[in-house]
Amino acid sequence: MSVLEILNDRQKEAAAQLDGPVLILAGAGSGKTRVLTNRTAYMIDEAGVSPWNILAITFTNKAADEMRERIDRLVGFGSESIWVATFHSTCVRILRRHIDLLGFDNNFTIYDPDDSKSVMKDVLKRLQIDTKQYPEKRFLNWISSCKDELSTPADEEEYARGDYADELFAKVYREYQLSLQKNNALDFDDLIMKTVELFKAFPDVLENYQNRFLYIMVDEYQDTNTAQFELIRLLAAKNRNICVVGDDDQSIYKFRGANIRNILDFEKVYPDAKVIKLEQNYRSTQTILDAANSVIKNNGARKDKALWTDRGEGERIVFAQTDTAYEEAELIVDRICRERRAGKSSFGDNAVLYRTNAQSRLLEEKCVMAGIPYTVVGGVNFYSRKEIKDILAYLKTIDNGRDDLSVRRIINVPKRGIGATTIGKLADHGAANDLNFYECCKQADDILGHNRASEKIAEFVDLISVFRTQSEFISISELIETIIKRIDYEGMLIEADEDEAKERMENIGELINKAVAYEESADEPTLSEFLEEVALVADIDGVDSDADRVMLMTLHSAKGLEFPNVYIAGMEDGLFPSYMSICSDDPGEIEEERRLCYVGITRAMNRLTLTAARSRMTRGETQYNAVSRFINEIPSELFESGYAKKSAEKKPPNSTGAVATKVRPAAVLPKHQKPFIAKATAFTDLKKGADINLQTAPDYGPGDRVMHMKFGQGTVLSVEKGTRDYEVSVEFDSAGVKKMFAAFAKLKKI
DNA sequence: CGTACTAGTCTTTTT
DNA sequence: GACTAGTACG
C-alpha cells in the first residue's frame with residue numbers, strides 16, 4: 001500500500017507533487033506534518049529519491065525530531081540520512097565546515113543574547129556612548145533587524161550618510177562585529193547571515209550543497225525572515241524542487257524579523273509554483289473553528305481560506321471574567337480539577353496559554369496549592385541559569401580559549417582572589433596588543449610583574465591546561481564531573497545559599513545527563529558540537545507532551561501543539577492584545593496579535609475556555625482592563641449561556657452529545673521521550689545504519705526496583721528492544737511514569 | 001578585593 | 001514585586 005493512501009485528496013496531491021516549486025497553504029490542524037512526513041516517505045519508498053538528497057528545515061528542534069521519528073516509522077530504512085534540522089543548526093553545520101573562508105576559526109563559539117549584551121556593553125564603553133541616552137538593548141535590537149535583512153555594517157554606513165544617529169548605529173554595529181570576530185564568536189542572527197554570505201562569496205561551496213539537496217522542504221514558512229528566505233532561495237536555485245508549508249494566518253514572529261510577504265508572494269517569486277490549499281481540519285470541533293474564523297476574518301491582507309471539519313458542533317466556548325487575576329488562576333485550576341474528578345479529562349489534556357511569561361507565576365502558585373502536576377514551558381531558559389552558564393563557560397574556555405567572555409566569566413568563579421583591577425589590566429593589554437584575554441593570562445607574569453595577582457592567574461591557567469589535557473581522554477560528562485569536583489563548585493554554592501544549592505546541583509546533574517545523551521547519539525562526540533547543540537536549544541524542545549501534566553506556556557510557544565482542553569488566560573485589552581500594539585500607529589501590530597489569538601484558539605480540540613480579570617497587578621501596580629476586543633469578535637451564540645457573568649460556579653452543560661469529550665486522538669505526539677536533542681543524528685549518514693551497536697540487555701526487568709540520577713527510585717514497568725537501544729518504561733515514586741533509553745538512563749538496580 | 005546596599009528596569013512574544 | 005547592575009564602603 002502506498003504511503004499516500006491514508007491522505008485525503010488534497011493532501012495526496014501535495015505529497016505527490018515532488019518536482020518544481022510547491023506552496024502548501026495548510027490551515028491550522030489540517031495535517032501538514034502528516035503531509036510532509038508522508039511526502040518524504042513517498043519520495044524514498046516510491047519515487048526512488050535517495051534520503052541523502054533530502055533537506056527538511058523546521059524552526060525548532062522539537063519539530064525536527066518529531067518529523068524524523070514519524071518518517072522513521074513510515075520508511076524501512078534510511079531516514080537517518082535525511083538532513084532534518086532547524087535553520088540555525090543547519091547553518092552551524094555548514095559554517096563549521098567552511099567559515100574559515102570568511103576569516104573565522106572553524107571552532108567558533110555561539111553567543112546567546114546574554115553574551116551579546118556583554119559584548120555590546122563593552123563596545124559602548126569603548127566608544128564612550130552614554131547608555132542612559134542609548135540603551136544597549138536598542139542597539140542590539142537594531143543590529144538584529146539588520147542581520148534579519150542581510151544588511152552589513154558597510155550597507156548601514158552607506159545608508160546613514162550624514163544622519164548622526166544612523167551613523168552612530170552603523171559605527172556601533174561595525175565595532176560589535178569586530179568584537180565578535182575577535183572572540184571567534186557568532187550570535188544567533190549571524191548564523192543565518194554568514195551562511196548566506198558564504199554562499200554568495202563562494203559559489204563552488206553553494207553548488208556543493210545544491211548538488212546534495214535535490215529536494216528541499218521548509219516548515220512554518222510564514223515565519224521565515226529575509227535572511228532565511230535568501231538562504232532557501234540560494235539552495236533551491238539550481239534544482240528548484242522546493243516545497244514550502246505554512247499558514248499566513250499563523251504568522252506571529254514579525255517582531256523577530258519574520259516577513260509575511262515570503263509566503264504571500266511565493267507565487268510571484270516562483271510563477272510556476274503549484275499551490276495547494278489544505279482546508280479540512282482534523283483537530284477541532286466546528287464551534288472552535290467558527291470562533292477562530294470569526295476572529296481572523298477581521299484581518300486585512302490574507303490568503304482566502306475556509307477551514308471546515310466533520311467533527312460536529314461540540315461543546316460551546318466558555319468565557320469567564322473574575323475580579324482579580326488571582327481569582328482567574330483559581331477558576332482555571334478549579335475547573336481542571338473538577339473535570340478530572342468527574343473522569344472527563346486527565347491533567348495532560350489541559351493547557352493554559354497566556355500572552356506574557358509573567359502570567360505563569362499565579363497559575364503556578366495555584367497549581368501547587370491544588371496539588372496539580374504542571375510543566376511551565378519557557379520563562380527562564382535552562383541554559384541561562386547561573387550554574388549552567390558557569391559550567392558551560394568552563395567548557396567553552398577549555399574548548400576555545402579565544403572566547404574572552406567565557407574566560408572572564410570564570411576566572412574568579414569560584415573566588416580565587418582575582419579582582420576587577422587585575423582583569424582590567426590584562427584586558428587593556430590585550431586590547432592594545434591585539435591579544436585575546438586568555439593569552440594575556442598566560443603572560444600575566446610579564447604584563448603585571450611577578451606578584452600575588454600574577455601567581456593567582458598562573459594557577460588558573462594551569463587549571464585550564466590540566467582540564468584541556470584531560471578532555472582529550474575522558475568523556476564530556478566525565479569532564480564536567482571533574483571540573484565540579486576540582487573547583488569544589490558545590491561547596492561554593494552551599495556557601496552562597498544552602499537552600500538554593502541543592503536545586504542548582506540538580507540542574508548541573510541534568511546538564512550531565514544531557515552530555516551523556518549527546519555522547520550516545522553522536523557519531524563522533526566533540527566538545528564543540530555539544531556546546532553548539534546546547535546553544536541552540538529552544539524552550540519547547542525538551543517538553544514531554546506525554547507526561548500527565550497540565551502545560552503552562554505562552555501563546556507563541558503553543559504554536560504547532562494541540563490539546564483537548566485549552567484555557568486562554570488574560571483576555572484583556574492592554575494585555576492581549578498588548579498595550580504596545582494598541583498604541584502603535586501601525587494597524588499591522590493588532591493584526592499580528594489577532595493571528596496570535598487565532599493560533600491560541602485553534603490549539604483546542606474539544607473545549608475552549610477564555611478568561612479575563614477585571615484587575616491585575618503589573619509591575620507592582622494594579623491595572624484595570626476591559627475585556628479583550630477579540631472576545632467581542634466571537635459571535636455570542638458560540639458561547640455557553642452565562643457569558644460575562646460569574647460563570648465560574650455554573651456547571652458546564654455537557655449534554656451536547658455530538659462529540660465525545662474524552663477522545664484522545666492518537667496523533668497527538670510521538671510516544672517515546674526524546675533523549676535530549678536528537679539533532680546530532682540529523683547529520684549521520686548511512687554508515688551508521690550499517691554499524692548498529694545494540695546495547696547489551698539491561699540487568700533489570702519488569703517489576704524490579706531501580707534508581708535514577710534525577711527521578712529517584714521507581715519500579716520498572718517494561719523493557720522493550722528498540723532499534724538502537726533498549727527502551728525502558730519506569731514508574732517513579734515521585735516523578736511518575738517515564739520512558740527512556742537504557743543507555744542514557746543509567747538506571748541502577750536496587 | 002569582596003560585600004552590602006541601592007537604584008533602575010522589567011513585561012510582548014524567541015531561534 | 002523581583003531581579004540585576006552599579007556603587008560605596010569595609
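Numbers restart at 1 for each chain; the letters A, B, ... are given by sequence-line order, proteins then strands. Predicted model only: the values in this text are computed from it and were never measured.
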Excluding sequence neighbours, so at least two apart, what forms side-chain contact (heavy atoms from CB on, under 4.5 Å) with A:Ala292? A:Tyr598, A:Ile601, A:Thr602
When the ring planes of A:Tyr173 and A:Trp142 are compared, do they come out parallel, tilted or perpendicular, using 30° and 60° as the limits? perpendicular
Interatomic distance at P, B:dT15 relative to B:dT11, whole Å: 16 Å
Looking at residues at least two apart in the chain, or sitting in another chain, which of them share a side-chain hydrogen bond (donor to acceptor under 3.5 Å, both in side chains) with A:Ser144? A:Asp189
Would you list the pairs meeting salt bridge (charged side-chain N to carboxylate O under 4.0 Å, His left out) in which at least one residue belongs to residues 217-231 of chain A, sequence neighbours left out? A:Lys32-A:Asp219, A:Lys32-A:Glu220, A:Lys200-A:Glu230, A:Glu220-A:Lys559, A:Asp223-A:Lys559, A:Glu230-A:Arg233
Once side-chain hydrogen bond (donor to acceptor under 3.5 Å, both in side chains) is applied, do any residues pair with A:Thr421, and if so which ones, sequence neighbours excluded? none
Tell me every residue that passes side-chain contact (heavy atoms from CB on, under 4.5 Å) with A:Ser145, counting only those two or more places apart in sequence or in another chain. none
Does the protein touch nucleotides 3-10 of chain C at the base, only the backbone, or not at all? Give it as B, S and - per nucleotide, heavy atoms under 4.0 Å. --S-----
Among residues at least two apart in sequence or on other chains, which ones pass ring-ring contact (aromatic ring centres under 6.0 Å, His included) with A:His98? A:Tyr209
Do nucleotides 10-15 of chain B as a string where each nucleotide becomes B, S or -: B if the base has a protein heavy atom under 4.0 Å, S if just the sugar-phosphate does, - if no protein is that close. BBBBBB
Of all residues at least two apart in sequence or in a different chain, which pass the side-chain contact (heavy atoms from CB on, under 4.5 Å) check with A:Asp428? none
Side chain to side chain donor-acceptor pair (under 3.5 Å): pairs with one or both residues in residues 115-125 of chain A, sequence neighbours excluded: A:Asp115-A:Lys389, A:Ser116-A:Tyr176, A:Asp122-A:Arg126
Please list, pair by pair, any protein nitrogen or oxygen found under 3.5 Å from a nitrogen or oxygen in nucleotides 1-3 of chain B.
unit_1: B:dC1; atom_1: OP1; unit_2: A:Gly419; atom_2: N; d: 3.1
unit_1: B:dC1; atom_1: OP1; unit_2: A:Thr422; atom_2: OG1; d: 2.7
unit_1: B:dC1; atom_1: OP2; unit_2: A:Thr421; atom_2: N; d: 3.4
unit_1: B:dC1; atom_1: OP2; unit_2: A:Thr421; atom_2: OG1; d: 2.6
unit_1: B:dG2; atom_1: OP1; unit_2: A:Gly417; atom_2: N; d: 3.3
unit_1: B:dG2; atom_1: OP2; unit_2: A:Asn412; atom_2: ND2; d: 3.3
unit_1: B:dT3; atom_1: OP2; unit_2: A:Lys415; atom_2: NZ; d: 3.4

Would you list the atom pairs, donor with acceptor, under 3.5 Å between side chains in residues 581-590 of chain A and any protein atom, with sequence neighbours excluded?
unit_1: A:Ser581; atom_1: OG; unit_2: A:Ser578; atom_2: N; d: 3.4
unit_1: A:Ser581; atom_1: OG; unit_2: A:Ser578; atom_2: O; d: 2.8
unit_1: A:Ser581; atom_1: OG; unit_2: A:Ser578; atom_2: OG; d: 3.4
unit_1: A:Ser584; atom_1: OG; unit_2: A:Asp586; atom_2: N; d: 3.0
unit_1: A:Asp586; atom_1: OD1; unit_2: A:Gly588; atom_2: N; d: 2.8
unit_1: A:Asp586; atom_1: OD2; unit_2: A:Lys254; atom_2: NZ; d: 3.3

From OH of A:Tyr326 across to C1' of C:dG1 the rounded distance in Å is 16 Å
